[in-house]
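Accompanying notes for the structure given below.
Just so we're clear, the structure is a prediction, and the values are computed from it rather than from any experiment. Every chain is numbered from 1, with letters handed out A, B, ... down the list of sequences. Note: hydrogens, waters and symmetry copies are ignored here, and every other heavy atom, side chains too, is used.
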There are 2 protein chains.
Amino acid sequence: MMNKNQSLLWDHPRFRSWIAVARACQLMQTVLTRELTELDIKPPHLDILINLYRFEGISQQELARKLLVGRSNMSMALPQMEKRGLIERRGDTKDKRVLRLYLTREGRSVTEKAMAIQTALIERTLSSEPLDQCMAMAESMERLIVTLQSEIREDSREPA
Amino acid sequence: MMNKNQSLLWDHPRFRSWIAVARACQLMQTVLTRELTELDIKPPHLDILINLYRFEGISQQELARKLLVGRSNMSMALPQMEKRGLIERRGDTKDKRVLRLYLTREGRSVTEKAMAIQTALIERTLSSEPLDQCMAMAESMERLIVTLQSEIREDSREPA
DNA sequence: CCAATAATGTTCAATGCTGAACAATAAAGT
DNA sequence: ACTTTATTGTTCAGCATTGAACATTATTGG
């Protein structure tokens, strides 16, 4: 009876797989947080920096969308980073509402060091997995991302 | 020059794979949060419930370790859940320091409903991935978890 | 041109998580 | 037995994140 319910849920291989994925993510985050302390930044700031590194001149709104966080989040975090001299916010010349974001020289340097740390961590911990296995996993995850994003959009369209 | 740095980091297949994994986790969390609103619980509470479902009579400390969160976290969250009638905390008879945790009838019912929602979500979004691919991913992730956990333990042993 | 609607960023209260300091209890060392 | 050390749970201040309400600026429709 109660055993049936339990086994019904826990014997699903996909369920167990996903639990492992989530746990691995959590642990990776923990270790990354520790390794970033020497640069005095935390993973959320690193995510911002990496996106500015790749997409210079992006707006706060676009950045928030890429990071899957709220706009208010950016409004709180970015002024801090600006005070620390990592980034710069300049108003768009055409649209006076938007602020465009740029890395300073210092910010670029910190970003490169932090990305090196993160890459090294990933390489180190994933080195025992064969490359083609990693690629296959990436493809699965990218399909998953597309599925989930479309689901999120549907939900926000139909608030019924 | 700057291009070299950029390509050095972004051409690492394992790096890109991991970024996809992290993003998928974030999205899954977002969707799960939405689908759990009908039960009026959030993912952190569900994690607690699932662990109590499987390990009745666990202590707060053990639970915190399983969830990879601080003890203080449990001290804040569990009294809330107790007030909502989902769980019960009873002092251990032998060791007066520890509080042992149990699901109430209501808590068990909510847990089963929530697990059904989560399982359905995972089955739905992962259904397009072949089962053996899921299993292979789970094995990779479990190896990764072991690696990361040992790394965390080393760090906390050598605070030098 | 002017009103209505939309988009961008900010502020604020509420929530969750953390790490450090603390109180009570247990275990170990003497 | 008694002092010291370790463990368990609590409290608290600090920080990140969210969603709602808001001000400013663009865009659209008349």
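For the pair Leu46(B) CG and dG16(C) C1', the interatomic distance rounds to 16 Å; values are reported in whole Å. Following rounding to the nearest Å, Glu62(A) (CD) and dA7(C) (P) show an atom-to-atom distance of 14 Å. Rounded to a whole Å, the NE2 atom of His45(B) is 12 Å from the C1' atom of dC17(C). The separation between Asn73(A) atom CG and dC12(C) atom P is 17 Å, rounded to whole Å. One interatomic measurement links the two molecules: CE of Met76(B) to C1' of dG19(C), which rounds to 12 Å at whole-angstrom precision. When the P atom of dG9(C) is taken as reference, atom CG of Leu101(A) falls 8 Å away, rounded to whole Å. Following rounding to the nearest Å, Lys42(B) (NZ) and dC17(C) (C1') show an atom-to-atom distance of 13 Å. Between the C1' atom of dT18(C) and the CG atom of Leu68(B) lies a distance of 14 Å, rounded to the nearest Å.
In this model, a side-chain donor or acceptor of Arg97(A) finds a partner on the base of dA7(C) within 3.5 Å. Residue-to-nucleotide contacts include a donor-acceptor pair under 3.5 Å from the side chain of Ser72(B) to the base of dG19(C).
Looking at Ser59(B), its side chain never comes within 3.5 Å of a backbone N or O of Val98(B) through a donor-acceptor pair.
Both Lys94(A) and Gly70(A) sit near DNA chain D, but only Gly70(A) has its closest nucleotide nearer the 5' end. Toward the 5' end of DNA chain D, the nearer of the two residues Arg71(A) and Asp95(A), judged by each one's closest nucleotide, is Arg71(A).
Put simply, Arg100(A) has no side-chain N or O that comes within less than 4.0 Å of OP1 or OP2 on dG9(C).
The nearest pair of heavy atoms linking Tyr53(A) to Thr111(A) is CD1-CG2, 3.8 Å. Residues Ala24(A) and Leu148(B) come closest through the heavy atom pair O-CD1, 3.9 Å. Annotation for Leu126(A) and Arg14(B): closest pair O-NH1, 3.3 Å, computed over non-hydrogen atoms.
A side chain to side chain donor-acceptor pair (under 3.5 Å) with Gln60(B) holds for exactly one of Arg89(B), Arg71(B), Arg100(B); it is Arg89(B).
Val69(B) places none of its side-chain heavy atoms less than 4.5 Å from the side chain of Leu63(B).
The pair Glu151(B)-Arg34(A) fails the salt-bridge criterion, with no side-chain N (NZ, NE, NH1 or NH2) lying under 4.0 Å from an Asp/Glu carboxylate O.
You can see that DNA chain D meets the heavy atoms of chain A within a 4.0 Å-exclusive cut from dA16(D) to dA26(D), reading 5' to 3'.
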